[in-house]
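The structure appears right after this line, and notes come after that.
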Amino acid sequence: MIISASRRTDIPAFYSEWLMNRLESGYCTVPNPFNPNQISYVSLIPQDVDVIVFWTRNPRPMFKHLKSLDTKNYPYYFLHTLMNNPRSIDPFAPGMDHSLKTFKELVDRVGPHKVIWRYDPILFSNVTDVEFHKRSYTAIAKELRGYTFRSVISIADIYRKVGRRLHALMEYGIEMTPCQEEGFGDLMRTVADAASENGMEIFSCAEEIDLSPYGIYSGKCIDDEYIKRVFDLNLQRKKDPSQRRACGCVVSEAGFPTRAP
């Protein structure tokens with residue numbers, strides 16, 4: 001069983017103590033997001049957990065628990081989102097200097113194969129245009145050379161809930177701008193080249209757009225092939241049917257903090 005911790009919230013940043021308590025207890029309970037009264041029981045004993053996949057912008061609160069995870073024989077890897085958006089767009093993200101330092105310290109503790117760099121979502125606006133993302137991605141890729149061997153990108157999809165948030169940004173002078181095909185292609189070539197030049201393979205996340213002409217192929221954030229390569233575990237999992245059509249992730253169980261134990 002693969003534990004996703006978690007698509008719904010940043011467990012390493014905000015709920016690391018909860019997670020360790022649940023691992024110590026050997027289980028957690030997870031509500032159905034569409035029916036909170038429907039509760040699932042998820043075993044967290046080491047014998048039942050193949051891999052834990054952490055999604056985070058700030059793994060630092062997990063540092064003190066890494067030794068315990070290793071002692072308990074939980075295989076794990078981190079999907080670490082690291083961008084340099086202006087504060088007007090991303091006011092609560094850790095600062096770039098802090099994030100780079102944290103990323104590198106995490107790699108020093110667990111190794112580069114267990115930390116994947118996510119640069120997503122790529123949002124096109126009057127303050128984050130193609131040239132901004134070209135500069136930003138290239139600069140971060142250079143900083144992370146040798147600290148990770150995989151990068152994942154995605155383009156922002158404007159869902160209804162996200163659309164409301166973006167509408168609120170208009171009060172601060174932020175306007176979404178369409179990306180012309182030529183500029184988009186130039187950006188994709190730039191990020192693919194920057195990844196390659198800095199020793200990283202690059203994949204897209206849940207993209208309907210075919211980016212393979214630029215050397216960017218559809219990826220899986222929860223990736224049975226990557227797990228095989230890093231942990232020598234042959235899980236042979238099927239695509240998760242609960243995720244979007246373009247999402248290639250294999251089946252996992254959610255780990256998500258609730259009021260219930």
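At distances below 3.5 Å, not a single donor-acceptor pair connects side-chain atoms of Asn73 with backbone N or O atoms of Pro46. With Asn58 contributing its side chain and Ala13 its backbone, the two residues share no donor-acceptor pair below 3.5 Å. Between the side chain of Thr148 and the backbone N or O of Val115 there is at least one donor-acceptor pair closer than 3.5 Å. In this structure, the side chain of Lys239 engages the main chain of Cys247 through a donor-acceptor pair within 3.5 Å. The backbone N or O of Tyr27 sits less than 3.5 Å from a side-chain atom of Arg22, completing a donor-acceptor pair. No donor-acceptor distance shorter than 3.5 angstrom exists from the side chain of Arg118 to the backbone of Ser154, with no hydrogens or angles considered. Judged by distance alone, the side chain of Arg244 and the main-chain N or O of Glu207 form no donor-acceptor pair under 3.5 Å.
In the hydrophobic clustering of this structure, Val191 groups with Tyr214; members are Ile, Leu, Val, Met, Phe, Trp, Tyr whose side-chain heavy atoms approach within less than 4.5 Å, directly or through other members. Taking hydrophobic clusters as Ile, Leu, Val, Met, Phe, Trp and Tyr residues chained together by side-chain heavy-atom distances below 4.5 Å, Ile122 shares a cluster with Met96. One hydrophobic cluster holds both Leu235 and Ile116 under the rule that ILVMFWY side chains link at heavy-atom gaps under 4.5 Å. Taken together through direct or relayed side-chain contacts under 4.5 Å among Ile, Leu, Val, Met, Phe, Trp and Tyr, Leu100 and Phe132 form part of one hydrophobic cluster. Criterion: ILVMFWY side-chain heavy atoms under 4.5 Å apart, direct or through other members. Under it, Phe54 and Leu79 are not part of a common hydrophobic cluster.
Sparse packing is recorded around NZ of Lys101, with 12 or fewer heavy atoms of other residues, nucleotides or ligands lying under 6.0 Å away. Heavy atoms of other residues, nucleotides or ligands lying less than 6.0 angstrom from CZ of Arg87 number more than 12. Heavy atoms from other residues, nucleotides or ligands lying under 6.0 Å from CG of Asp97 number 12 at most.
Taking each heavy atom of Asp240 and Ser252 in turn, the nearest pair found is OD2-N, 4.0 Å. Heavy-atom minimum distance, Gly215 versus Ile202: O-CG2, 3.9 Å. Taking all atoms of both residues into account, the shortest heavy-atom contact from Val251 to Ile2 is O-CD1, 3.9 Å. Here the shortest heavy-atom pairing between Tyr76 and Val51 reads CA-CG1, 4.1 Å. Nearest heavy atoms, Ala141 versus Met200: O-CE, 3.5 Å. Shown here for His98 and Arg60, the closest heavy-atom pair between the two residues is NE2-NE, 3.9 Å.
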### Task
Determine, stepwise, if the pair Val53 / Tyr226 fulfils side-chain contact (heavy atoms from CB on, under 4.5 Å).
CA-CA 12 Å; Val53 181; Tyr226 191 78; over 6 Å; no

### Message
Show, in sequence, the C-alpha distance, side-chain angles and deciding distance for Glu197 and Thr138, and conclude whether the side-chain contact (heavy atoms from CB on, under 4.5 Å) test is met.
### Response
CA-CA 10 Å; Glu197 290 167 4; Thr138 300; over 6 Å; no

### Query
Given Glu208 and Arg245, is the salt bridge (charged side-chain N to carboxylate O under 4.0 Å, His left out) satisfied, shown in steps?
CA-CA 8 Å; Glu208 298 282 356; Arg245 181 181 63 178; 3.0 Å; yes

### Task
Would you check, one step at a time, whether the test side-chain contact (heavy atoms from CB on, under 4.5 Å) holds for Phe103 with Ile140?
CA-CA 11 Å; Phe103 193 108; Ile140 297 172; over 6 Å; no

### Message
Working note: Glu24 + Lys72, criterion salt bridge (charged side-chain N to carboxylate O under 4.0 Å, His left out); need CA distance, chi angles, decisive distance, verdict.
### Response
CA-CA 10 Å; Glu24 188 66 30; Lys72 295 177 185 297; 3.0 Å; yes

### Message
Show, in sequence, the C-alpha distance, side-chain angles and deciding distance for Asp223 and Arg150, and conclude whether the side-chain contact (heavy atoms from CB on, under 4.5 Å) test is met.
### Response
CA-CA 12 Å; Asp223 187 340; Arg150 176 175 286 205; 3.0 Å; yes

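From Arg7, atom CZ reaches atom OG of Ser242 across 7.0 Å, with rounding to the nearest 0.5 Å. Put simply, CG on Leu187 and CD1 on Ile155 are 6.5 Å apart, with the number rounded to the nearest 0.5 Å. For the atom pair Cys205 SG and Asp120 CG, the distance stands at 6.0 Å (nearest 0.5 Å). One finds the SG atom of Cys221 at 10.0 Å from the CD atom of Gln243 (value rounded to the nearest 0.5 Å). Distance NE2/His133 to CZ/Phe184: 11.0 Å, rounded to 0.5 Å. Taking CH2 of Trp55 as the start and CG of Asp10 as the end, the distance is 12.0 Å to the nearest 0.5 Å.
Side chains of Ser6 and Thr9: no donor on one and acceptor on the other come within 3.5 Å.
By the side-chain contact (heavy atoms from CB on, under 4.5 Å) test, Asn21 pairs with no residue at all, sequence neighbours left out. Take Ser196 and apply the side chain to side chain donor-acceptor pair (under 3.5 Å) test, not counting sequence neighbours, and it matches no residue. Residues satisfying the salt bridge (Lys or Arg N to Asp or Glu O under 4.0 Å) criterion with Asp193, sequence neighbours excluded, are absent altogether.
Of the candidates Phe78, Tyr147, Tyr137, Tyr137 is the only one forming a side-chain contact (heavy atoms from CB on, under 4.5 Å) with Trp117.
Lys220 forms no cation-pi arrangement with Phe203, by the criterion of a distance under 6.0 Å to the ring centre and an angle within 45° of the ring axis.
Between Arg189 and Lys134, every side-chain heavy-atom pair lies at or beyond the 4.5 Å cut-off. Contact annotation: the side chain of Leu144 never approaches that of Asn198 to less than 4.5 Å [non-hydrogen atoms, C-beta and beyond]. Residues Ile39 and Tyr41 form no side-chain contact, since every pair of their non-hydrogen atoms from C-beta on lies 4.5 Å or further apart. Here the side chains of Arg8 and Val30 are in contact, with some heavy-atom distance below 4.5 Å. Two residues are said to be in side-chain contact when any heavy atoms from C-beta on lie closer than 4.5 Å; Phe63 and Thr102 meet this criterion. Contact of the Leu123 side chain with the Asn85 side chain is not registered, since no non-hydrogen atoms from C-beta on lie closer than 4.5 Å. Side-chain contact between Arg57 and Asp90 is present, with at least one heavy-atom pair separated by less than 4.5 Å. A heavy-atom distance below 4.5 Å is not found between the side chains of Val110 and Tyr77.
Using bins of under 30°, 30° to 60° and over 60° for the plane-to-plane angle, the ring pair His113/Phe149 lands in the tilted bin.
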